[in-house]
Amino acid sequence: MTDEAVPTTFARGELGQILLDRLDEAAEYSEPGPGVTRLFCSQAHHEVLPLISTWMKRAGLTPQLDAAGNLVGRCPKAQAGAKTLIMGSHQDSVIEGGKYDGMLGVALPLLALEALDRQSVTLPYGIEVVAFGDEEGVRFPTTLVGSKALAGSVTPDQLDAQDPEGISLREALTTFGCTPDDIPAVARNPDRTLGFLEIHIEQGPILEQRNHAVGIVTALTGIERHQVTLSGKAGHAGTTPMEMRSDALVGAAEMVLAIDHLLQDTADLVGVVGKLDVHPNAVNVIPAQVTFTIELRSPEASIRKYGREAVTTALEKVAKRRGLSIEIENTYSADAVACADWMMTALEKACTKVGQPADRLFSGAGHDGLAMQLLTDIGMLFVRCKDGLSHHPDEAISADDGDIAIRIVMAFLQQLTPP
Ligand SMILES: [Zn+2]
């Protein structure tokens with residue numbers, strides 16, 4: 001373990017470099033192979049805990065593994081029951097992921113707290129920093145188990161979820177040294193919680209495009225998914241005249257383009273046709289049936305509704321013209337979660353204090369805030385990532401951007417007054 005404590009005074013860029021060094025060290029706790037693979041309740045998860053504990057202790061927090069596999073660092077005020085600000089992110093990664101998705105939001109606030117401590121700054125409220133065990137949901141078909149535990153929304157059936165080897169989440173937690181039956185006691189008291197702040201890499205190209213180091217997140221996107229079934233008529237691909245065909249695949253192709261045009265023309269709406277199945281899927285048969293998925297995401301419910309209606313109208317028009325029958329079934333829907341105004345304003349003030357532009361953007365991905373908003377107000381700060389790349393071994397941030405984000409968090413913490 002490198003012994004890189006924070007100096008009492010620090011030059012510009014110095015904290016950012018320490019941050020990157022720490023994240024390099026954390027990345028060593030991984031399955032073999034490219035990038036970082038650190039799944040929930042794995043050996044790598046177990047082995048990275050002492051490193052995070054060291055960071056927590058240096059920040060003046062007492063680390064403790066909770067019943068849900070979260071490593072929680074608490075300051076004495078938080079332990080004594082004072083109103084507490086929770087910060088943190090997830091320790092787990094996707095398979096062959098990067099060094100920053102998740103772990104940045106653990107290491108960065110701890111370094112900010114350590115730097116404040118070195119400057120003898122005392123905060124008038126409690127602090128907790130959490131390294132959530134599971135956010136990505138890679139090992140078990142569950143996500144956000146860690147943050148759901150804090151919000152009190154883990155249900156017993158979620159503990160029965162099994163990994164590909166048939167090990168249940170309950171068994172994995174027990175082997176990991178946790179007591180899953182005590183998960184209900186992990187739930188925080190909303191009256192004692194000030195809010196939840198997560199620092200995360202952007203995982204997209206917008207900040208790079210704006211040439212800004214950081215951005216304030218307005219909302220975590222709402223998501224809906226649909227399954228479209230198009231039925232035409234199978235037929236001999238050689239003997240059926242072109243004008244007599246009801247080719248479901250040609251119809252689907254036109255629909256995919258119509259969806260793309262609509263998405264290109266609508267601000268704050270993104271989406272994808274990601275999966276397509278063709279029946280009978282044979283080289284010399286006119287496709288009789290095609291099923292495909294549509295996913296729509298927007299931070300605004302009204303925009304998502306507009307998108308859904310416009311897509312439906314466009315698809316029905318194509319189906320009618322091509323003599324196809326169409327069924328559209330909604331398979332999944334999750335509302336957008338807004339970040340709290342006071343959090344955005346406080347982050348904005350902190351950005352101004354550090355001399356950084358404080359533009360806002362929405363998150364197209366889900367994060368721990370989705371679960372934490374059931375407990376408390378949430379806020380998020382995005383840090384620019386190289387080429388907008390994430391969930392990839394080449395995921396990267398710069399030391400300068402890390403430094404700026406640390407200073408913003410320090411300013412945020414210092415100006416925050418408990419209501
Ligand atoms: Zn993440």
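Whatever order the structure lists ligands and atoms in, that order sets their numbers, starting from 1.
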S.K.: Establish, for the pair R225 and Y332, whether the NZ or CZ atom is under 6.0 angstrom from the six-membered ring centre and no further than 45 degrees off its axis.
M.R.: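 Yes, a cation-pi geometry holds between R225 and Y332.
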S.K.: Would you mind checking if K305 and E309 are paired as a salt bridge, meaning a charged N to carboxylate O distance below 4.0 Å?
M.R.: yes
S.K.: Using the ring-ring contact (aromatic ring centres under 6.0 Å, His included) criterion, which residues pair with H391? Sequence neighbours excluded.
M.R.: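 H391: no ring-ring contact (aromatic ring centres under 6.0 Å, His included) contacts found.
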S.K.: Applying side-chain hydrogen bond (donor to acceptor under 3.5 Å, both in side chains), which residue pairs with at least one partner in residues 175-185 are found, sequence neighbours left out?
M.R.: R170-D181, T179-D182
S.K.: Could you please give the number of protein N/O/S atoms within less than 2.8 Å of the Zn ion (ligand 1)?
M.R.: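 If we list every protein N, O or S atom nearer than 2.8 Å to the Zn ion (ligand 1), we get 3.
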S.K.: Side chains of residues 351-361: which donor-acceptor pairs under 3.5 Å do they make with residues two or more places apart or in other chains?
M.R.:
from: T352; atom 1: OG1; to: E348; atom 2: O; distance (Å): 2.9
from: R360; atom 1: NE; to: E348; atom 2: OE2; distance (Å): 3.1
from: R360; atom 1: NH2; to: E348; atom 2: OE2; distance (Å): 3.0

S.K.: Using a strict cut-off of less than 4.0 Å between a Lys/Arg side-chain nitrogen and an Asp/Glu carboxylate oxygen, indicate whether D134 and K148 qualify as a salt bridge.
M.R.: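 Judged by the 4.0 Å cut-off on N to carboxylate O distance, D134 and K148 do not form a salt bridge.
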